[in-house]
Amino acid sequence: MKLFIHRKDLRTEDLHAFDYLQNQEDESLHLFIYDPFLLRQGRDKEHSGINFLRHAAGLARQYREAGKLLHVAHGKPAEVVDYILGHMEGNIDEVVVHRDMTPYAIERDRSIRKVVDQYQAKFTQLTDHLLIDLPRFADFTGKSEPYKVFAAFHRRWVEFMNEFPNPPSVITVADLKISKLSIEFPDSFRVPAALMDVEPAEEPYGLLDAFLKERIVEYGEHRDEYETYEPSHLSSYVAVGAISIRRMYDAAYRAEQPDEWIRQLCFRDFYLYRAVYESHYFTYEKVYDLSPLSDYHFERWCKAETGIPIIDAAMTELNETGRMPNRLRILTAMFLTKNLQCPFPLGEAYFRRKLLDYDNIQNRGNWLWCASLGENAAPYFRVNNPVTQSEKYDPQGDYIRKWLPDLKDLHSKHIHQPREGAIVDLKASRQAAIEVYKQILASRQKD
Ligand SMILES: Cc1cc2nc3c(=O)[nH]c(=O)nc-3n(C[C@H](O)[C@H](O)[C@H](O)COP(=O)(O)OP(=O)(O)OC[C@H]3O[C@@H](n4cnc5c(N)ncnc54)[C@H](O)[C@@H]3O)c2cc1C
């Protein structure tokens, strides 16, 4: 028998593991583990944790509706696997998972592999969450060094996808031979009721269909107009694997004018690719000397008390809903790292808790870009002015009115302007940031 463990793939159709299992003769046991490490420090009460829990509940519901059994447990993944393999007394000969590239996930899977080896079973890791197959892409490009910047990667990625499309699979959980065997977990692995007492997430395909039918055509031109234009809103599904990235690509490919949106899917692949090939991806804070920066203004940024209306409006939306449009993520991140001279890991960690769509690799890649660190980064002298950006993308200031109702009566000419007592002077802090980041970039340690 096989054991399949769901992780960041909280759906029941179009998974590479399902294709793999369908080709096996054996039945499989299916398991989802609530990993306390991923819900530590109260994350289960924050937007990012709640999104994860709602999708875990959605997964359980999908299994139930298909009449299939999903086992759920709470505990360290390697210990849960050890328990099941022991309990099954040699009847499990293979454990199947989808690969994940974060440092924690790599360590976690090393521990699982150790356990699986002890039972002389096989540990199979499949790749599911990228559009490209990394080794095949490396062969295709014929480059000895991986791409460092997005533009060059994107060009080859488009060619690769045209030549080797990665179509979605039609296999669903209903097609699999899933064992009906029940497993009695000891109390120590029982899932705390509070973690399951959440509203299961809705399915994503209505959102995808509506976006492709109604809005993708205007994406390229209007995506930054955060108050009047709505992008797909699929990232909170993508982050936990509740929608298949192949299906998104495939459906978009057949839509009208999809290129700019597909380019964003490529961005996502790019950060996953960099996380694998860029040795410092998760350790840049040690590669640069960030000591000229400080956390002095951090709390006021978190609390939406900077006195710069668009920054405070965006942080209010984030705090209240877990959402923030991409353009405003760029503005708030640049404002924190540059104008407020705060180390990027603080902002990154704050987004980790607050974003509904939090994804370690995507979040880090984007924060590094905004902070002008790493290989693919905004030039250090690029410090967006939040006031002029606000005037440009939301001239009437309606977004600010929505999230900062105290300012709702201000005329659109004034609403974007810094409030009295604003945390910094934009011009002076921009100049100071340029000087400091010049110094930080020069401090980069040699490889
Ligand atoms: C500082 C900062 C932090 C971010 N943190 C995250 C994060 O934790 N999780 C996350 O999913 N995205 C993150 N992003 C990227 C981006 O803001 C969101 O993916 C996007 O806003 C999601 O909205 P949407 O689903 O409507 O996307 P759409 O605009 O409809 O795009 C479609 C899909 O493309 C992908 N995508 C779009 N933009 C990006 C991008 N810049 N980088 C990588 N993938 C992208 C997402 O999967 C998205 O769902 C961050 C951006 C910044 C600047």
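Whatever order the structure lists ligands and atoms in, that order sets their numbers, starting from 1.
- The distance between the ring centers of Tyr147 and His154 does not fall below 6.0 angstrom.
- For the side-chain contact (heavy atoms from CB on, under 4.5 Å) with Leu130, the qualifying choice from Ile132, Asp128, Asp133 is Ile132, the only one to do so.
- Contact between Trp261 and ligand 1 is present, with at least one heavy atom of the residue lying under 4.0 Å from the ligand.
- Of the protein's non-hydrogen atoms, the one nearest atom 42 (N) of ligand 1 is Asn366 ND2, 3.1 Å.
- Taking a cut-off of under 4.0 Å to the non-hydrogen atoms of Leu265, the atoms of ligand 1 that pass are 33 (C), 34 (O).
- Counting only heavy atoms of the protein, atom 45 (C) of ligand 1 lies nearest to Gln264 O, 3.8 Å.
- The ligand atoms of ligand 1 that sit less than 4.0 angstrom from a heavy atom of Gln362 are 9 (N), 10 (C), 43 (C), 44 (N).
- Per-residue contacts place Leu355 under 4.0 angstrom from the following atoms of ligand 1 (heavy atoms of the residue considered): 5 (N), 6 (C), 7 (C), 8 (O).
- The cationic group of Arg329 does not satisfy the cation-pi geometry with Tyr226, failing either the under 6.0 Å distance to the six-membered ring centre or the 45° limit from the ring axis.
- Side-chain contact of Glu317 with Tyr399: a donor-acceptor pair under 3.5 Å is present, judged by distance alone.
- Between Glu285 and Arg364 a salt bridge is recorded (basic side-chain N to carboxylate O distance below 4.0 Å).
- In this structure, the ring of Tyr350 has its center less than 6.0 angstrom from the ring center of Trp301.
- Taking atom 13 (C) of ligand 1 as the reference point, the nearest protein heavy-atom neighbour is Arg329 NH1, 3.2 Å.
- With a 6.0 Å cutoff to the six-membered ring centre and a 45° limit on the axis angle, Arg40 counts as a cation-pi contact of Phe37.
- By the 3.5 Å distance cut-off applied to N or O atoms, Arg223 is not counted among the residues near ligand 1.
- Checked against a 3.5 angstrom limit, the closest N/O atoms of Leu234 and ligand 1 fall inside it.
- Summarising the geometry, atom OG belonging to Ser429 is positioned 8.0 Å from atom CD1 belonging to Ile308; distances are rounded to the nearest 0.5 Å.
- At the shortest separation from atom 47 (O) of ligand 1 among protein heavy atoms lies Arg268 CD, 3.7 Å.
- For Asp359, heavy-atom contacts with ligand 1 shorter than 4.0 Å involve the backbone as well as the side chain.
- At a heavy-atom cutoff of 4.0 Å, ligand 1 is contacted by the side chain of Tyr271 but not by its backbone.
- By the neighbour-count criterion of 12 heavy atoms within 6.0 Å, atom CD of Glu159 is densely surrounded, having more than that number from other residues, nucleotides or ligands.
- Here the protein heavy atom with the shortest distance to atom 26 (O) of ligand 1 is His233 N, 2.7 Å.
- Ligand 1 has a nitrogen or oxygen under 3.5 angstrom from a nitrogen or oxygen of Ser235.
- Asp357 O, 3.6 Å is the protein heavy atom nearest to atom 10 (C) of ligand 1.
- Below 4.0 Å from some heavy atom of Tyr219 lie the following atoms of ligand 1, by number and element: 28 (P), 29 (O), 31 (O).
- Listed by number with element, the atoms of ligand 1 under 4.0 Å from a non-hydrogen atom of Ile330 are 53 (C).
- Annotation: atom 5 (N) of ligand 1 to nearest protein heavy atom, Asn363 OD1, 3.0 Å.
- Of the heavy atoms in Phe211, none comes closer than 4.0 Å to ligand 1.
- Counting heavy-atom neighbours within 6.0 Å of Lys143 NZ, excluding the residue itself, gives a total above 12.
- Between Tyr393 and His222, the ring center distance fails the sub-6.0 Å criterion.
- Listed here is the closest heavy atom pair of Ser48 and Leu355: CB-O, 3.0 Å.
- Closest protein heavy atom to atom 27 (O) of ligand 1: Ser232 OG, 3.9 Å.
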